[in-house]
Amino acid sequence: LNSCASLFSTLHGIEIHGRLLKTGFQFYIPVSNALIDMYGKCCGPSPSHQVFNEMIERDVVSYNAVLGSHARFGKEMEVAKRLFVRMPFRNVISWNAMIVGYVNCGDLDSARAVFNELPARNVVSWTTMIVGYTKYGFVDEARVLFDTMPERNLVSWTAMITGYAQNGRPMEALELFRKMEAARMKLDAITMIGVISASAQLGGGELAKFISSYIEENGIEKNTKILTALVDMHAKCGNMDEACCAFDEILEPDAFAYSALIMGLATHGYGVRALDIFNRMRVEDIKPDYITFIGVLNACSHAGLVEDGLKFWESMVRDYGIQPGTEHYACMVDMLGRTGRLDEAYKLVKSIGVKPS
RNA sequence: AUCCAGGGGUACAC
């Protein structure tokens, strides 16, 4: 059931549910608890509730699992709160589930209120608050929590590093990375993504080399996300050869990976190569998205491929149903402007429904 | 090992 939950494999979950009823295993509380959790993760609160209601005897985990089904995405926090206050059992996990819900709906004040009331906070409570603050740009508030929490683990460090990286503060991200190193902590792939992203923002070739070899030497798992981050980093640090090598290591590149490579090639003026990669993406049947087209139009703009640019601009809306955003307009205006087609550029600006930036 | 926290790609000009 746990595997079904993490794979969102509802059909297998339902099949197992059926077998449990035949074998009588549903009367073993942990099994029904796992069922509640599986349904909550795969299908949402209603089937969870149904299993919960059919139980003869429930424990705190049963309540937490059904609470999680409501709170997880931060929708239904009203329901979650009602359940939370009338639950007969409650532990730190119940409180944390409420904090997660409030964080995920952007209600940081409520998250903080729950956190403040929580009698016995654990490392998850603290880390969830740190993530909440950084997600909404309050990096310094997050850092205060990070510095005052009684104990930190890998996830807390990663949350703080990623928070800095995502908020455009790469120096501080790397400073924490150095501290982890100095403390001889073992880093994992998720931590490294924040570190790679920070290095990409700094854009130094030496740093990029160091990071690459660090990943090799420490046996960091080279999954698609790591490799995509490396493509981006090498491109931003001016080493397109390394960027391409990283891309070639990706077994099944997705839209993120293609976009990172296309954008890197575009930035360096390799318009034709960028369009080549875009074409390969079509052949491999990977659906380009909003961001892919920023790279594609950017490639046309930087390489002066105006006719291609106009073609992709139309195709974007017609074939892929992507509504142009400010970035796409900017690429087009830039492209037309650079090649002296100023009246067309002007017409395009005037055609933007909303106020142009 | 029945329930809670960390993940990559985003335009132009200066």
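In the text below, chain A, chain B and the rest are named by the order of the sequence lines, each starting its count at 1.
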Could you please name the option among [options] that lies closest to any side-chain atom of [X]?
| X | options | value |
| --- | --- | --- |
| A:Thr162 | B:G6, B:U10, B:U2 | B:G6 |
| A:Ile294 | B:G9, B:C4, B:A11 | B:A11 |
| A:Asn122 | B:U10, B:C4, B:G7 | B:C4 |
| A:Ile190 | B:C12, B:G7, B:A5 | B:G7 |
| A:Asn64 | B:G9, B:C4, B:C3 | B:C3 |
| A:Arg338 | B:A5, B:A13, B:A11 | B:A13 |
| A:Thr158 | B:C3, B:C12, B:G6 | B:G6 |
| A:Pro30 | B:U2, B:A5, B:C4 | B:U2 |
| A:Asn91 | B:G6, B:U10, B:C3 | B:C3 |
| A:Asp37 | B:G9, B:G7, B:C3 | B:C3 |

Determine the contact category for [X]: base if any of its heavy atoms lies under 4.0 Å from a base atom, sugar-phosphate if only primed atoms, P, OP1 or OP2 are that close, otherwise nothing.
| X | value |
| --- | --- |
| A:Ser62 | nothing |
| A:Arg152 | nothing |
| A:Ala255 | base |
| A:Ala159 | sugar-phosphate |
| A:Ser125 | nothing |
| A:Ile196 | nothing |
| A:Thr128 | sugar-phosphate |

Legend entry - Sidechain N-carboxylate O distance under 4.0 Å for A:Glu181, A:Arg178: no
Inset, instruction - In plain terms, say whether A:Lys209 and A:Glu242 are close enough for a salt bridge, that is, a side-chain N and a carboxylate O under 4.0 Å apart. - result: no
Using only heavy-atom distances, decide whether a donor-acceptor pair under 3.5 angstrom links the side-chain of [X] to the base of [N].
| X | N | answer |
| --- | --- | --- |
| A:Thr191 | B:G6 | yes |
| A:Asp334 | B:A13 | no |
| A:Asn96 | B:C4 | yes |
| A:Asp289 | B:G9 | yes |
| A:Asp254 | B:G9 | no |

Interatomic distance where [atom1] belongs to [X] and [atom2] belongs to [N] [whole Å]:
| X | N | atom1 | atom2 | answer |
| --- | --- | --- | --- | --- |
| A:Arg72 | B:C4 | CZ | P | 6 Å |
| A:Met129 | B:G6 | CE | P | 13 Å |
| A:Met55 | B:C3 | CE | C1' | 12 Å |
| A:Ile29 | B:C3 | CD1 | C1' | 14 Å |
| A:Arg112 | B:A5 | CZ | P | 20 Å |
| A:Ile262 | B:G8 | CD1 | C1' | 15 Å |
| A:Leu67 | B:C3 | CG | C1' | 9 Å |
| A:Trp157 | B:A5 | CH2 | P | 22 Å |

Whether [X] contacts [N] is assessed here as follows: a side-chain N or O lying under 4.0 Å from the phosphate OP1 or OP2. Is that the case?
| X | N | answer |
| --- | --- | --- |
| A:Lys41 | B:U2 | no |
| A:Gln166 | B:G6 | no |
| A:His328 | B:U10 | no |
| A:Asn298 | B:C12 | yes |

Inset, instruction - Would you please indicate if the ring centroids of A:His49 and A:Tyr39 are separated by under 6.0 Å? - result: no
Legend entry - Ring-ring centroid check A:Tyr214 A:Phe177, cutoff 6.0 Å: yes
Inset, instruction - Please confirm whether A:Arg280 makes a cation-pi placement over A:Tyr258, using NZ or CZ under 6.0 Å from the six-membered ring centre and within 45° of the ring normal. - result: no
Legend entry - Geometric cation-pi criterion, A:Arg152 with A:Phe146: 6.0 Å, 45°: yes
Output side-chain donor-acceptor pairs under 3.5 Å for residues 307-319 of chain A, partner residues at least two apart or in another chain, one line each.
from, atom 1, to, atom 2, distance (Å)
A:Glu307, OE2, A:Arg341, NH1, 3.1
A:Ser315, OG, A:Asp319, OD2, 2.9

Inset, instruction - Give the C-alpha distance, both sets of side-chain angles, the deciding distance and a yes or no for side chain to side chain donor-acceptor pair (under 3.5 Å) between A:Tyr133 and A:Arg112. - result: CA-CA 10 Å; A:Tyr133 280 129; A:Arg112 184 62 191 243; 3.0 Å; yes
